[in-house]
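Here the structure comes first, spelled out in structure tokens, and everything after it is commentary.
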Amino acid sequence: MKKFQVLSTVILAGAVMAMAQYKEIAVANGGSISGIVKVKGKAPADEMKEVKKNPEQCGAKMAAQKYVVSASGGVEYAVVMIEKIAEGKKATAGDIFYSNENCKFTPHVLVAPVGATLKVRNEDDMLHNSHFYLVETSGKKNLINMALPKKGQVIENNKILRKEGLISVECDAHDFMQGYIWAVQNPYAVVTGSNGDFKLSDVPAGSYTLKIWHEGLGEKTVSVKVEAGKDAKVTVEL
Ligand SMILES: [Cu+2]
């Protein structure tokens, strides 16, 4: 009896996990969600960080890229994602590339699928670290620290993108270097462009929760209804 109970609990846990997983389907006559992420009120000025190490290559100061806001208030480097979508288009497979380039993590904010291999490359002729932390409500949790002393060096890792969530990338050699990676379970996640613009396409018709995240302006969720063959317009203020 006890054995059966344990077994059935395992089966039940497995079933719950399977239910929570994203299912890839062919999306016929889907809709899209497009719009702009804007700053509410006056845009904060970007932070300028002092360069203590390698200023001859990096310059005396580096922009943090924390607040990259267009003249019309559009916020670049925000992430827009559909939360808990059960099924939809196929996620693109393949390795994800991430660079240490000109004393910056490039791209500054990246969206990457859970399960992908991350290929981290140093494009600079100096030592960089890529120190990955999982950002949790209780604080930052160390994932891995990669030392990349040589230009052209690549380290690949298939464990960093193991679970859904926000990853902070920092360089121990240069405290002004900061990047973010969102590991996501479904392909409906995108980083906003220079005007704060975004588009999510081939979304099955339905009602969804859209989550918007930005490193300095915080996060917000909005409800959005997608109709077949139509574009749902969303403007979000952070
Ligand atoms: Cu560095």
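Every residue meeting the side chain to side chain donor-acceptor pair (under 3.5 Å) condition with Asp175, not counting sequence neighbours, appears here in chain and number order: Lys52. Applying the salt bridge (Lys or Arg N to Asp or Glu O under 4.0 Å) criterion to Asp231, with sequence neighbours excluded, gives Lys233. For Tyr67, there are no side chain to side chain donor-acceptor pair (under 3.5 Å) partners at least two apart in sequence or on another chain. Among residues two or more places apart in sequence or in another chain, the ring pair (Phe, Tyr, Trp, His ring centres under 6.0 Å) test is passed with Tyr133 by His131.
In this structure, CG on Leu110 lies 7.0 Å from OH on Tyr98, to the nearest 0.5 angstrom. The structure places CG of Asp172 at 13.0 Å from CE of Met146, a figure rounded to the nearest 0.5 Å. Here the CD atom belonging to Glu156 is positioned 4.5 Å from the NZ atom belonging to Lys119, to the nearest 0.5 angstrom.
Contact check for Glu215 versus His108: side-chain heavy atoms found under the 4.5 Å cut-off. Annotation: side chain of Pro204 is not in contact with side chain of Glu87 (no heavy-atom distance under 4.5 Å). Under the 4.5 Å side-chain criterion, counting only non-hydrogen atoms from C-beta, Met177 is in contact with Asn100. No side-chain heavy atom of Phe198 sits under 4.5 Å from any side-chain heavy atom of Val79. Contact annotation: the side chain of Val75 never approaches that of Leu238 to less than 4.5 Å [non-hydrogen atoms, C-beta and beyond].
Between the side chain of Gln153 and the backbone N or O of Lys150, at least one donor-acceptor pair lies under 3.5 Å.
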Problem set entry | Derivation of the side chain to side chain contact (heavy atoms under 4.5 Å, CB included) call for Glu83 and Thr221 | CA-CA 9 Å; Glu83 277 197 317; Thr221 54; 4.0 Å; yes

Give the table of side-chain donor-acceptor pairs shorter than 3.5 Å for residues 160-168, with sequence neighbours excluded, one pair per line with atom names and distance.
residue: Glu164; atom: OE2; partner: Gln185; partner atom: N; Å: 3.3
residue: Ser168; atom: OG; partner: Glu170; partner atom: OE2; Å: 2.8
residue: Ser168; atom: OG; partner: Gln178; partner atom: NE2; Å: 2.9

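When hydrophobic side chains of Ile, Leu, Val, Met, Phe, Trp and Tyr are connected at separations under 4.5 Å, Phe97 ends up as a singleton with no cluster partners.
Hydrophobic clustering, with ILVMFWY side chains joined whenever heavy atoms are under 4.5 angstrom apart, groups Val27 together with Leu210.
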